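Inspection log for the structure reproduced underneath, given as structure tokens.
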2 protein chains.
Amino acid sequence: MNQHQQRICTAPHSKVYTHCNDCRLNSICLPLSLEFSDIDKLDSIVQRGKPLQKGDNLYRSGDPFKAIYAIRSGAIKTWSSSRDGEEKVTGFYLPGEVVGLDGPAENIHINSAIALQTTSVCAIPFDRLEALSRQVPGLQRNLLQLLSREINSDQKQFNLLGRTSAEARVASLLLSVSARYERHQLSAQEFTLPMSRSDMANFLGLTLETVSRVFSSLQKRNIVSANRKDIVITEMLALRALTHKNGDETCR
Amino acid sequence: MNQHQQRICTAPHSKVYTHCNDCRLNSICLPLSLEFSDIDKLDSIVQRGKPLQKGDNLYRSGDPFKAIYAIRSGAIKTWSSSRDGEEKVTGFYLPGEVVGLDGPAENIHINSAIALQTTSVCAIPFDRLEALSRQVPGLQRNLLQLLSREINSDQKQFNLLGRTSAEARVASLLLSVSARYERHQLSAQEFTLPMSRSDMANFLGLTLETVSRVFSSLQKRNIVSANRKDIVITEMLALRALTHKNGDETCR
DNA sequence: CGTTATCTTGAACTTCGTCAACCCCGGTGG
DNA sequence: CCACCGGGGTTGACGAAGTTCAAGATAACG
């Protein structure tokens, strides 16, 4: 069905995937229990635009909701700004993850989304996705799972923001990023953070000074080695132990 | 279609609604842009059980996911417990709201849900809801909206938990409960909180002592009058001003 | 090569958590 | 009917963790 699909542009900085079938992320982005023929149907509605540059907006708060976006490479930050001007980072999204799920509620985007680095995404027009998922039961399920998963990951974030130490928060974020990179055959120990200290701090409900201090402390204790955004986790278990609120004595 | 619907039991403590069509909450629970005939279809799959008593579990973490639940009367608290035994209150749900949206992700419930007072719910079996929403486009939309709305309200919670003062958090919760009761023609100024100080504290990422102190302070300043769970908001605007992080000088 | 953004470090201060005592109120049983 | 008990709530004193303010270091960028 519709093999002559739209191919606006391709990502220059990574291997090119122009079909969902070929995409090495397809087990992650829409964790599809779909038949190949169904994947083709999905594939046919996906729009692959040219990559966003660092600082480009994917959408802004108030924009009409047209599509959800699966990230192929790069990183996206989402944030909301309250009426009193405060900005709050609500999430970081890495390859294989989907942004824009704030849209269906009001048919506009509540949050804004911005590229933290050169980023290419697959835009999936939502009305067409809805129509398609009416025909393909597995896809409807996947779509609902996607939203439910976002709810659960948001609620997991509550654990962090409520009453855990600064150290536990930073450790959790590092481990989260590490685990998410690992799913793509990337190293869980060595990676480059896509976001600034200030973004991390905002996301974690801390000040950037505190985040910086935690990094220094972790480095001094040889748990991680951090050079700005370049991270090496040297003591994975110790880092994990720090996430348990009252970092117990086992790993000190 | 199936007029002889299941009617297991009715809520003894409030007016009885045995059909979605009659239910005064129907504009809220599934904010339905549905035709009457569609509402009947939905109505036919809804199961109305006997009310939960205070302390009864609606579901527990790990339970298989069967249904989502629209609250008719009462109040539900949801919480998750992390591996290190810490419990975190993730939400309070009032009449017209829907719990159980953590389920679709893994087909089990991640959180637990418990009744804070005598509570009656409409159970909506999820597989039948999915099937029905494949036939009724408006319903599919509503379902997606429901999940998306949960995402947005969770993310709004981030604003609170990250870097706002204890006072701002308590004020926000009071205003949230107030607004949610108001939608049912109840007073926005006077109401009874369904949850304990300790639940509030946990939800807000504070200690119960701090919450208690904030209440005392609000009372001393004649902004709210609180007798245990009985609340009277006397200065709505002042209370609202407190939610803006740096409670500016306008309302002090 | 200078300018700017990002990050690090230090010192003083603030807020909230911790620990502990106490109070209030409803329920129970003598 | 009152004493006792226990859960939930309030209040106070103290300390720890993180914020704020300020200065300096390092890397990125035109």
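In what follows, chains are A, B, ... by sequence order, proteins preceding strands, each numbered from 1. Everything quoted here is computed from the prediction, not taken from an experiment. Note that these values count all heavy atoms, side chains included, but never hydrogens, waters or copies made by symmetry.
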Which of D:dT20, C:dC16, C:dC7 is nearest the side chain of A:R197? It is C:dC7
5'-most contact on DNA chain D (nearest-nucleotide basis), A:G205 vs B:R213, goes to B:R213
note: A:K54, atom NZ; C:dA5, atom P; distance rounded to Å ~ 12 Å
Rounded to whole Å, the CE-P distance (A:M200 to C:dC7) equals 10 Å
Practice task
State whether a side-chain donor-acceptor pair under 3.5 Å links B:T90 with B:S80.
Solution key: no
- Given side chains that start at C-beta, do those of A:Y59 and A:F65 come closer than 4.5 Å, heavy atoms only? no
B:T207 has its side chain closest, among C:dG17, D:dT11, D:dG9, to C:dG17
Value for NE2 (A:H244) from OG (A:S172), rounded to nearest 0.5 Å, stands at 9.0 Å
Side-chain ion pair, A:E167 and A:R221, N-O less than 4.0 Å:
yes
Does B:E209 contact C:dC16 through a side-chain donor or acceptor facing the base, at a distance under 3.5 Å? no
With a non-hydrogen cut-off below 4.0 angstrom, is A:S212 in contact with a base, only sugar-phosphate, or nothing?
base
Touch check for A:L208, heavy atoms < 4.0 angstrom, all strands: base, sugar-phosphate only, or nothing? nothing
Closest to the 5' end of DNA chain D, once A:N227 and A:L206 are matched to their nearest nucleotides, is A:L206
Whole-Å distance, A:E167 CD to D:dA16 C1', equals 14 Å
A:K229 NZ to D:dA27 P, in whole Å, measures 14 Å
Checking C:dT9, C:dG17, D:dT26 against the side chain of A:R228 (C-beta onward), the nearest is D:dT26
Rounded to whole Å, the CG-C1' distance (B:L161 to D:dG18) equals 17 Å
(Q) Under 4.0 Å, counting only non-hydrogen atoms across every strand here, what does A:T210 touch: a base, just sugar-phosphate, or nothing? (A) base
